[in-house]
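By convention here, the first residue in the shown sequence is residue 1. Side chains are part of it too, since the values below use all heavy atoms of this structure and drop only hydrogens, waters and symmetry mates.
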Amino acid sequence: MRFLKLPRSLRQLSTHVLAIALGVLLTVSTLQVLPSQAEPAPPVIVRDTSQLIAQRQSPATAAIGNTSFVTAAVNRVGSAVVRIDTERTITRRVDPFLEDPFFRRFFGDGFSQQMPPEQQLRGVGSGFIIDKSGLVLTNAHVVDKADKVTVRLKDGRTFEGKVQGIDEVTDLAVVKINAGNDLPVAPLGSSSNVQVGDWAIAVGNPLGFDNTVTLGIVSTLKRSSAQVGISDKRLDFIQTDAAINPGNSGGPLLNGQGEVIGINTAIRPDAMGIGFAIPIDKAKAIAAQLQRDGKVAHPYLGVQMLTLTPELAKQNNTDPNSPIQIPEINGVFVMRVVPNSPAASAGIRRGDVILQVDGKAITSAEQLQNVVEDSRLGQVLQVKVQRGNQTQQLSVRTAELQNAS
């Protein structure tokens with residue numbers, strides 16, 4: 001009761017003092033319950049600055065290092081990559097109609113003179129030196145039918161090139177230059193070790209821009225020439241998304257170590273960011289034959305073929321307008337037999353389905369093509385075919401393919 005009788009100012013002061021006392025009491029009790037929060041902070045340890053920076057690097061930077069692996073790869077092979085300039089003269093056959101006096105009276109002599117009988121075509125491609133003596137590997141289509149071949153080195157020196165051999169089937173050619181015996185040589189790797197996802201570095205002279213480098217990966221392996229749309233070739237390509245443009249043809253495709261794993265060769269006009277390269281293991285074997293013989297002998301059977309599946313056969317058989325009924329099986333359907341070919345001589349007919357060669361099951365046109373390519377000239381192959389409801393065993397002796405087309 002006495003507390004209530006105190007003056008109002010004293011009662012407010014007493015209330016504040018009591019609140020402060022309670023706050024101090026609660027703080028002390030809290031510190032006693034949680035002593036760990038009152039312990040001194042641990043000392044700050046200063047680490048090596050270089051280690052801190054290294055930890056902040058991205059995975060890509062850590063994989064590549066301070067110096068780009070692309071730079072190292074290009075430096076290893078770059079001086080061995082060459083530019084190949086070609087010249088070819090085309091002679092036009094003069095139409096007799098242009099020389100007719102009646103025509104010349106109406107159109108004048110100048111009309112026929114505007115059409116020169118000869119035209120000079122120039123081309124540019126790439127290649128790379130594979131031997132110190134001056135052997136250059138490139139694509140066949142780069143130097144085929146060229147009247148003059150000029151090889152330009154990265155250091156600016158130019159030499160006349162002599163085509164030692166061309167193989168149209170694999171689109172490979174060997175050119176020789178006489179430049180002494182101290183030329184840079186591109187290190188050749190092995191395409192058998194290449195995996196999908198590996199780095200792919202294309203080097204060459206696309207669109208005439210010398211010493212151009214593009215980077216990508218190996219998109220897939222063993223892409224057949226039939227799938228690419230080049231039916232007259234016998235190749236399984238390395239597919240890459242490294243930019244390959246006209247003029248890159250014949251240049252090297254490198255791995256991350258700067259070794260040649262392929263030869264840039266094919267571009268699909270309807271594809272975006274897809275190019276193809278000849279595996280270097282195949283190129284090594286072909287180049288050796290071209291150096292020795294100037295050509296490569298390819299065995300052939302003489303059939304135009306199509307990979308057959310039960311689904312495709314069923315589609316054909318259910319079509320009322322189909323001229324023939326096809327067995328609904330897996331194999332290779334013979335669409336046409338080339339006259340006077342080994343297949344024709346052996347009795348293979350249009351509409352046959354090839355099932356086996358030398359006891360090995362054949363399920364695709366690419367597989368059959370590879371089996372024939374790996375055979376010897378004059379070798380007799382035992383071919384099992386299905387004709388209608390019957391199977392037959394035929395003996396086919398391979399012969400040399402005379403024309404790539």
Side-chain angles (χ1 to χ4, degrees), residues 54 57-84 124-132 134-139 142 151-157 172 175 182-223 237-267 273-284 287:
Q57 289 179 338
S58 67
T61 305
I64 295 174
N66 294 329
T67 301
S68 169
F69 74 97
V70 180
T71 302
V74 173
N75 287 340
R76 185 179 182 190
V77 74
S79 58
V81 180
V82 302
R83 169 177 170 146
I84 299 178
V124 60
S126 305
F128 55 96
I129 303 171
I130 59 174
D131 187 87
K132 286 184 176 295
L135 293 178
V136 177
L137 190 59
T138 186
N139 282 149
V142 171
V151 177
R152 182 187 301 273
L153 274 61
K154 186 177 180 180
D155 60 13
R157 290 182 292 167
L172 290 170
V175 177
D182 193 26
L183 291 170
V185 176
L188 305 184
S190 174
S191 51
S192 61
N193 298 327
V194 176
Q195 300 183 52
V196 175
D198 284 350
W199 290 113
I201 307 168
V203 186
N205 310 290
L207 306 173
F209 297 113
D210 295 352
N211 309 314
T212 297
V213 178
T214 56
L215 175 65
I217 62 169
V218 173
S219 304
T220 195
L221 299 170
K222 297 184 178 180
R223 181 70 75 194
F237 291 109
I238 297 173
Q239 180 179 312
T240 177
D241 66 349
I244 297 177
N245 294 288
N248 269 119
S249 295
L253 185 71
L254 312 178
N255 60 17
Q257 291 72 48
E259 299 169 332
V260 180
I261 57 173
I263 302 173
N264 305 318
T265 184
I267 309 162
I274 297 178
F276 303 93
I278 303 170
I280 193 61
D281 290 350
K282 180 73 172 180
K284 290 176 186 177

Quick one: are [X] and [Y] in side-chain contact, heavy atoms under 4.5 Å?
{"X": "Val136", "Y": "Ile130", "value": "no"}
{"X": "Val203", "Y": "Thr212", "value": "no"}
{"X": "Ile261", "Y": "Leu254", "value": "no"}
{"X": "Ile274", "Y": "Gln239", "value": "yes"}

What is the minimum heavy-atom distance between [X] and [Y], and which atoms define it?
{"X": "Val218", "Y": "Trp199", "value": "CG2-O, 4.4 Å"}
{"X": "Phe128", "Y": "Ala186", "value": "CD1-CB, 3.9 Å"}
{"X": "Asn205", "Y": "Asn211", "value": "OD1-N, 3.1 Å"}
{"X": "Leu183", "Y": "Gly134", "value": "CD1-CA, 3.5 Å"}
{"X": "Gly256", "Y": "Ala73", "value": "O-CB, 4.0 Å"}
{"X": "Leu221", "Y": "Val194", "value": "CD1-O, 3.2 Å"}

When you measure from the side chain of [X] to the backbone of [Y], do you find a donor-acceptor pair of N or O atoms at a distance under 3.5 Å?
{"X": "Asn75", "Y": "Thr71", "result": "yes"}
{"X": "Asp131", "Y": "Leu135", "result": "no"}
{"X": "Arg223", "Y": "Phe276", "result": "no"}
{"X": "Asn255", "Y": "Val260", "result": "no"}
{"X": "Thr138", "Y": "Ser126", "result": "yes"}
{"X": "Thr240", "Y": "Ile217", "result": "yes"}

- Query: Among Asp198, Asn264, Ile263, Leu253, which residue meets the side chain to side chain contact (heavy atoms under 4.5 Å, CB included) test with Ile238?
  - Reply: Leu253

- How long is the span from the NZ atom in Lys284 to the CG atom in Leu137, to the nearest 0.5 Å? 11.5 Å

- Crowded around Lys222 NZ? As in, over 12 foreign heavy atoms under 6.0 Å? no

- Worked check of side chain to side chain contact (heavy atoms under 4.5 Å, CB included) between Ile278 and Asn139: CA-CA 9 Å; Ile278 303 170; Asn139 282 149; 3.9 Å; yes

- Task: Using the side chain to side chain donor-acceptor pair (under 3.5 Å) rule, collect all pairs that involve residues 182-197, keeping only residues at least two apart or in two chains.
- Result: Ser190-Ser192, Ser190-Asp281, Ser191-Asp281

Hey, can you pull the donor-acceptor pairs under 3.5 Å for the side chains in residues 242-251, sequence neighbours left out?
| from | atom 1 | to | atom 2 | distance (Å) |
| --- | --- | --- | --- | --- |
| Asn248 | OD1 | Asn245 | N | 3.0 |
| Ser249 | OG | His141 | NE2 | 3.2 |

- Message: For Val82 and Ile129: C-alpha separation, side-chain torsions, deciding distance, then whether side chain to side chain contact (heavy atoms under 4.5 Å, CB included) applies.
- Response: CA-CA 7 Å; Val82 302; Ile129 303 171; 4.0 Å; yes

- Message: Under the rule for salt bridge (Lys or Arg N to Asp or Glu O under 4.0 Å), what residues qualify as partners of Asp210, not counting sequence neighbours?
- Response: Arg83

